Structures are given as C-alpha cells and as structure tokens.
Amino acid sequence: MPVQLLKIIEGQSEIPLPSHLQKENLKHLQEGCDHTNKYIQGVVTLSYPLTKLRDGKDFFKIVVQDSDNLGSQINSINVFIYGKMAEDCAKIIRQGETFIAAGFKVIKLPAAREDGRHDCHLEVSEEAGSVIYIYTKPRTTAASETASVSPKYVYTPLNRLKDGTVVNLYGIVKFFKPPYISKGTDYCSIVTLVDPSNVKLTCSLFSGNLDSLPKIYKVGDIVRFHRIKIREYNGQMQGITSGGFASLTFDGTIGAPVVPRTSSRVYTFMDEEQKTIEELRIWAASNISISGSATKLSDVQPMLFFDLTCQLVGKAKVDGSSFLLKVWDGTKCPYPTWKVPVEAKDLEGEKVLLHQLRNLAVDILVYDNHVQLAESLKIGSFLRIYSIHVKQASADNEDVSHMEFHLHGGTCYGRGIGLLPESNPDVKELKEFLESVNLTDRQNMESTCSMDIDSTFGNVTDLELHLQRCQQLSVTVLTDHQDLSTTELKTVTNSTAPQQYRIRAKLRTYKPQKLHQSVKLHCSKCKSLQEVPDRDDFDFILHGSASTAPNPELYNTSWYESVTWTTQEQKQREIAIHFVKHDEMLQHPEDTLIMIEGGTLKEIWKLTKRFKCVIPVRSTEDDLELLDLSAPFLLKGNVKYYGCKQCSTPKPMKNLSSIAAEQQPSWEPTEIAQVLGIELLQYVFIMKFTLVDETASLNAYLFDYEKFFQIPASEILTNNFLQEKMQMTMNTLCPPGRKLGELPWLECFIKSYNVRGAMENQVYYQIFDTTIAEDVV
DNA sequence: TTAGGATTCG
C-alpha cells in the first residue's frame, strides 16, 4: 500500500507509522547515505499539475516544508513522484496537508539553490519501494474542497445488486478460499459475503498479483470492495473482479482496532467508513457463525477437518504431487502422529529445532495444487492451513494407529494455505505462546507419547493391556479415608443407618443408561431437583419477551452502552444489546458482559461465542429485568445458568454495576447470581449404581457435580467430546456384554441414610469421596 | 481466461 491516506484526530494519526521508521531532519539529507529506515515529514506548500514524461510515465511534483524547522535556512525540498504513485498522489494531495515519505531516493542538484530549498530533491516511486502517507485533517468545514479530493462512494446493499453493473459494497465474509493459483494465469480467491440485508454474494476474484487480493484470514472478517462487477450466473448474482478493483479488509471482532488491510495503493478511510465497520461488526456478532475457538493440535479429533494456525519449522519435497510441511503450534497432539519418511538431505529447516520439536511438530502432507504454494513458503513463517484432514490410520508394522494430516488437492471448503503477517493478532498470540513453551521439560515429560516408545509394548494391544489392568486394580479410587478397611456388602445391608463404609464391588448395572438423562439441576438451598429445561422452553420465553419492544429510555446509562437495530425479516423485530462498561469504557468482547433484548435462541447462542457472558433481559417502564426463571438468567461459554424459582428474589439489574466496577471483573456466575438475587441451580449427575460383591448387592446413588467423573455436569449437555468420554468411562466401569467375573472392581465410599416413608423407614446409600482412577479412559 | 463454495487417491 504505497500511498495511504490517514485521518488525524487531535493532532495524532489514528494509524501509527511502522515502528522501524525514524524521522529524518531535512538538514541531514545527503546523497548516498542510507535512508532505508528514515522518513521525511512536512507540509505540502506547493503542488504542480500532473504531467507525463517523455516515456509516458506520470510525473507529479510538490514542495514540502519542514514545519518543525521553519527558522532553519533550508526548510523545504522538492519531491518528484513518478508513475502510478504520481497519479494517485495528484488525486488526493492538497496544499497544507502533511506529507510523509519513506523509501525515497536523495538526488543532489548540480548547483546550489538560493531559494531556501534543499540542494537535493527526493524521488519516490512504487518501483523504488517508496511509501507515502498523507495525513488529512477532518474535513467537516471544507465540504466543497473535499469533494474533488475524496470522491463520495456509494455502497450498494447486497439485495440491490443488478446484473451488468459495477458497484462498491461492504460485506461480512461468510466463506472464503485463500488465494490459490488458478488454471489460468492468475491467483484466484473465492469470497462469499453477506450483509444486513441477509443476501449472500459469492465473488470470484482474480489477480496476477497476490497482494492485490483481499487479505482475509477468517470467516467474520469485513471487506469493502470498490469497483466489483456484478453478473448473473445460474440465477444468482455473482461478483467478479473488474478493472480498478480494490479492497479493504477489517477484523470483524467488535472492539478490535479498525485498521484496514489493504490491497490498493490509495484509499480513503474516514469516520463514516469506521462507523460502517462498527455497525457491521455488531450485526455480524449475532448473525454469522464462526466456528468457535480455533483448533489447536491438542484438540484434534480423528475424522475431522480443521483449520490450524501454526509456524512452519520444516519442509521437504516428497514426490511430484505431494509436499511435506512440518509445523507446530506449541501444543501436543494427544494421539501418536505419523512421520512422513523423507531423506534427511531433502528436509529443509533448522536441524536442532526440528529435533527439539520432534514430539510437538506434526507432518502435514499437502497435495497437487497446494504443492507450488507450499514450496514457496519460508521456514519460520506463520501459516493458517485451512481444512486439514485428520485421518486415523495404521501401518502394517504398527500395533497402534496414528493420526495423519492431509491437505488434499482441490479447494473445496476453502482448503488451502494462507500466509499470516506477523502483525496478525492470532500470530502475535501464537508467538508469545511458542516462546513460553519449555522444550526441555516437554521432551522429558511427554516422550512416552511418541511412536517409538509405544512400539516397545510389543504385540500386546492397547485394549488387552487395558483390560488386564482393570481386572487387577480398581477402576475407582478413594479421595480420602484410605486407612478404613473394606466392608462386605452383606454386612452393609444388615446394618442400621446412618453409617459410612469402604466397599469393593462390581458395577452390575446402572441407571439411566442414556447418560444425558442423568443430568439434573439442584438447588442447594431448598434441596429440590429439577430437569434441565429444554431449548423449546427457552425459545418460547424468548418469543414471548420479543413482543415487548426495548424501551429507548433505558438505552445508554452510566454503566452500559446500548446498540439497537431492527431485523430485516418479514416480521420486524427490535433488538437491543447493552454492553456493560468497565471504568466507563467498553471492554474486549471476550471480557464483556452483555444484556440482550429481543434476541432469538440462535442469536443469543452466537453471542455467547463472542462475549464473556450474555444475560437475556426485557424492558419494563423504568428498568431492565430478567426473563422468567424457566429461562437461563445467564449464558457463559457453553453453559446455561438457571436460578431456583422458589428461592430467588430478583434484584435490580443495576446491581451488576458493582461487579463491573471491580478492578478486573471476572463475571463469575456465582457472583452474578448473588448480586441479582438469584439462587443458582447447580448441574449435577444423578445415577443409580447396582453394586455387587460375593456376599450381596445394593443400589447406591451417585450425586456428583464434577468430582466422580472429573467432568463438570454443567458442560456435558453441550459437549459431544465430554459425552463420549463419560460413555467410555461407564463402558470401562461396566463393559457391555461381559460376565460378572470379567467386570472390574470399584473401590468406593458409601454412606447409608434413612428416608422416612409412609409406613416405615427405608435405607438408602450414596457414593462419596470416590473418583475414577486416573488411567481409566 | 482463471471459477462459479459445498471435503478425501495419497
């Protein structure tokens, strides 16, 4: 982006200059000196008409005065601008504006000057790698003057596009293919956009210059396209690059700096554009799903496609149609991973580092059309590899299966490799994390996971080992009272309650068999248990509350800031989001608690992915209030938090401001519940275990928040992985289809207690201070 | 021109 138009607010540019650049005083300019990391700054005092040189090249001349050194004898200099840059500058430079150039060439004039101008002039051009920054002052008063300088662009909503037109538009990236080499002569990038009119537009963007395609890194990024051609294809509108196409790309995260990633040499970017981006971000937050948090190598699952942000540490040519990339992200893949055999001489990368990372780096084999791009990558660069296929496989000479990572040929689902700049926030975060990884510790502690150690188990399969272990040791362990001796079940059942025992028994069966049915909500105050409301209940309450429009009198108070909009759907719906402030400022979304009025289940669910906490509310005449307590009063991460209807006495929402005023608000559900007068219901597993030993059998209840399964009951309903883990645990405790003799032993603590029935007391048993053994599952 | 979103030969 060799020419940038920047906006100045209170004397400061919104976008700082690159930090490596240092200001050079005009006095110190000399021909032949190294000015690589220097820039000159001054006010444009004179500009000449744009002309053409004899070779047809554009030429533009200006005089720049160093306003910091007006008293100096030599305080201005001629600047000659060549080529495309001359044309661009001529369009936007006005007298009185601040001009900055870096990457200039200093040319000494044959004779000394006597007009206070420097005896050198500066030459700048795109070919010479020059960059020009023009600081513009806010153009509120001089409207007529502005018109010629920054043309007013008109942006077409995606539902108003017409065949055969060339338009400017904004959109939120819903899908994209990172630039790849097309079968023609250019790079190609496919981008599908959506905007608040809820219409999608898929664009095919071509360019011979990789740099002039939009720099999209993730779904949810926001783009501004200028001069994109609209055509009809298969009954739908389609965008395609046309002459003069230019784009800006912005991070779509609410609160992130509004700094354009640009592919054009000149662009305008003013308050109005900034406002548009901020509005689109808010719309996107509840209307675009982004696939949760990024997958790290430590979370990969077999049979899955995922995007990986990583650093390249090694690469090697494998054969004509495949190429190996060795990458890491600082985490360890929980499965053994394959190593693609390549000759040492073919492997490019730092040998010592590759050795240190042998258990952390993974091999990704890329195929076909991705090979050319992969070959060109530099070791050490940061990449996002899109849609890597995780494949479980097992070689003939291995007893355990391993994970393979493939980037198959083609570009389906955005499959491809994107190079991330060091300025990318995800790269910054990754770099910090990689630097914190202590390589020596990891090698010592985790080397048992590597393939070569696994193979020392010989021919015994994992499963057999596991079963052998289970028959000898208990699959559960006691967390306390280890000194107590074991009591036979017959003795337990023949004794009076209440008492506590250590027992050793087998789990013959358990209820419920459908594990999700074991999750209930428990009030620790009134001891009641209730079912977890299903999504229909919540949906119903939301529908009901959406019929009450947000009350504008409640917008923007001292402790929250409000944003509202009306949906475009047939039955218009008003939505208000209230962002709770901290120190009178908005926080990063991931730290922010928001309250929402009028949202649907889907919208609220999406907002929970972006924000720390979401509280659904509705307006009354004079305050916001919580919805009916059959709905969750708070959503945080994957968890819906409910309050007890009997024990809660809701207090004013304003009480949240006391948490917001804390130095670092943690927004803990318990604390939120407390200030809102809500008695928080706890998620709990309730199960009935039928335990047997050689002497007797008894039913014992498990009442567990987290300790027994080491899985939070609150998360099981929304996490497939945890559900699977729990099912696997139960399969270990009580393997289906096995005889009693083959079942593993459980060591448990149980306590007996009396429950008074209509006619007589009944004795019940409850498991406590027991947990699943560490090596089970 | 190229691609026109909608996973996989390896």
Side-chain angles (χ1 to χ4, degrees), chain A residues 158 161 163-164 171-194 199-210 212-214 216 218-221 223 225 228-243 245 288-291 295 300-308 316-325 337-342 362-374 384-396 402-418:
Chain A
L158 300 185
L161 297 173
D163 184 20
I172 299 143
V173 175
K174 195 179 160 58
F175 167 82
F176 72 104
K177 292 184 176 183
Y180 59 93
I181 299 157
S182 77
K183 288 183 182 128
T185 56
D186 292 333
Y187 286 98
C188 173
S189 181
I190 304 299
V191 183
T192 300
L193 304 178
V194 64
V199 166
K200 280 199 303 179
L201 178 75
T202 298
C203 304
S204 304
L205 310 176
F206 299 101
S207 173
N209 176 8
L210 190 59
S212 67
L213 289 171
I216 297 166
K218 54 171 81 160
V219 167
D221 279 350
V223 295
F225 288 168
I228 181 137
K229 194 170 168 183
I230 304 301
R231 292 196 316 206
E232 196 179 315
Y233 176 77
N234 279 349
Q236 283 201 312
M237 291 304 162
Q238 169 194 67
I240 188 157
T241 38
S242 71
F245 170 79
I288 301 275
S289 45
I290 50 160
S291 48
T295 304
V300 298
Q301 293 293 312
M303 303 305 286
L304 191 85
F305 290 87
F306 75 109
D307 300 343
L308 181 67
K317 189 178 157 73
V318 177
D319 59 43
S321 67
S322 64
F323 194 83
L324 171 65
L325 297 178
T337 61
W338 71 333
K339 295 287 172 238
V340 178
V342 288
V362 298
D363 283 7
I364 298 175
L365 202 53
V366 313
Y367 297 95
D368 305 338
N369 55 319
H370 308 299
V371 170
Q372 199 184 337
L373 197 85
R384 179 121 65 214
I385 310 181
Y386 300 92
S387 212
I388 300 172
H389 181 202
V390 186
K391 190 176 164 191
Q392 190 165 21
S394 141
D396 293 341
H402 62 247
M403 290 304 147
E404 299 180 353
F405 298 97
H406 300 269
L407 187 72
H408 295 292
T411 61
C412 290
Y413 274 83
R415 199 188 292 138
I417 304 170

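Nothing here was measured: the structure is a model prediction, and the numbers come from that model.
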**Student:** CG/Asp186(A) to CG/Leu210(A) distance, rounded to the nearest 0.5 angstrom?
**Tutor:** 11.0 Å
**Student:** To the nearest Å, give me how far apart CD1 (Ile364(A)) and P (dG10(B)) are.
**Tutor:** 18 Å
**Student:** Send over the distance from Lys177(A) NZ to dT7(B) P, rounded to a whole Å.
**Tutor:** 11 Å
**Student:** Starting from C1' on dC9(B), measure out to CG on Asp319(A) and report it in whole angstrom.
**Tutor:** 12 Å
**Student:** Counting only side-chain nitrogens and oxygens, does Lys174(A) get under 4.0 Å of the OP1 or OP2 atom of dG5(B)?
**Tutor:** no
**Student:** When the distance from NE2 of His370(A) to C1' of dT8(B) is rounded to whole Å, what number comes out?
**Tutor:** 11 Å
**Student:** Of the nucleotides dG10(B), dT2(B), dG4(B), which has the atom closest to the Gln238(A) side chain?
**Tutor:** dG4(B)
**Student:** Rounded off to whole Å, could you give me the CG-to-C1' distance for the Asn369(A) and dT2(B) pair?
**Tutor:** 13 Å
**Student:** Does the side chain of Lys177(A) pick up a donor-acceptor pair with the side chain of Thr411(A) at under 3.5 Å?
**Tutor:** yes
**Student:** Can you check whether Phe206(A) stacks with the dT2(B) base, using ring centres under 5.5 Å and planes within 30°?
**Tutor:** yes
**Student:** Indicate, with a heavy-atom threshold strictly under 4.0 Å, whether Ile240(A) touches base, sugar-phosphate, or nothing.
**Tutor:** base
**Student:** What nucleic acid atoms does His406(A) come within less than 4.0 Å of, heavy atoms only: base, sugar-phosphate, or nothing?
**Tutor:** nothing
**Student:** Among dT7(B), dG5(B), dG10(B), which is the nearest nucleotide to the side chain of Asp368(A)?
**Tutor:** dG10(B)
**Student:** Under 4.0 angstrom, heavy atoms only, what part of the nucleic acid is Thr185(A) near: base, sugar-phosphate, or nothing?
**Tutor:** base
**Student:** Quick check, does Phe175(A) stack with dG5(B)? I mean ring centres under 5.5 Å and planes off by under 30°.
**Tutor:** yes
**Student:** Choose from dG10(B), dT7(B), dA3(B) the nucleotide whose nearest atom is closest to any side-chain atom of Tyr367(A).
**Tutor:** dG10(B)
**Student:** Select base, sugar-phosphate, or nothing to describe what Phe323(A) touches, counting heavy atoms under 4.0 Å on all strands.
**Tutor:** nothing
**Student:** For Lys200(A) and dG4(B), give me the distance from atom NZ to atom P, rounded to whole Å.
**Tutor:** 14 Å
**Student:** Is there a donor and acceptor pair closer than 3.5 Å between the side chain of His389(A) and the base of dT8(B)?
**Tutor:** yes
**Student:** Can you identify which nucleotide, out of dT2(B), dG4(B), dT8(B), has its nearest atom closest to the Cys412(A) side chain?
**Tutor:** dT8(B)
**Student:** Which part of the nucleic acid, if any, lies within contact of Gly409(A), taking any heavy atom under 4.0 Å across all strands shown: a base, the sugar-phosphate backbone alone, or nothing?
**Tutor:** base
**Student:** Using 30° and 60° as the class limits, which term best fits the ring planes of Tyr386(A) and Phe176(A): parallel, tilted or perpendicular?
**Tutor:** perpendicular
**Student:** Below 6.0 angstrom between ring centroids: does that apply to Phe305(A) and Tyr413(A)?
**Tutor:** no
**Student:** Check Arg415(A), Lys391(A), His370(A), His389(A) against His408(A) for a side chain to side chain donor-acceptor pair (under 3.5 Å) and give me the one that passes.
**Tutor:** His389(A)
**Student:** Where each residue is assigned the nucleotide of DNA chain B containing its nearest heavy atom, which of Leu365(A) and Tyr187(A) is assigned the position nearer the 5′ end?
**Tutor:** Tyr187(A)
**Student:** Could you tell me the separation between the CZ atom of Phe305(A) and the P atom of dA6(B), rounded to a whole number of Å?
**Tutor:** 13 Å
**Student:** Taking only the side-chain heavy atoms of Thr192(A) (C-beta and beyond), determine which of dC9(B), dG4(B), dG5(B) contains the nearest atom.
**Tutor:** dG5(B)
**Student:** Answer yes if the ring centres of Tyr367(A) and His406(A) are under 6.0 angstrom apart, and no otherwise.
**Tutor:** yes
**Student:** Whole angstroms only, please: what is the CZ-P distance between Phe176(A) and dG4(B)?
**Tutor:** 15 Å
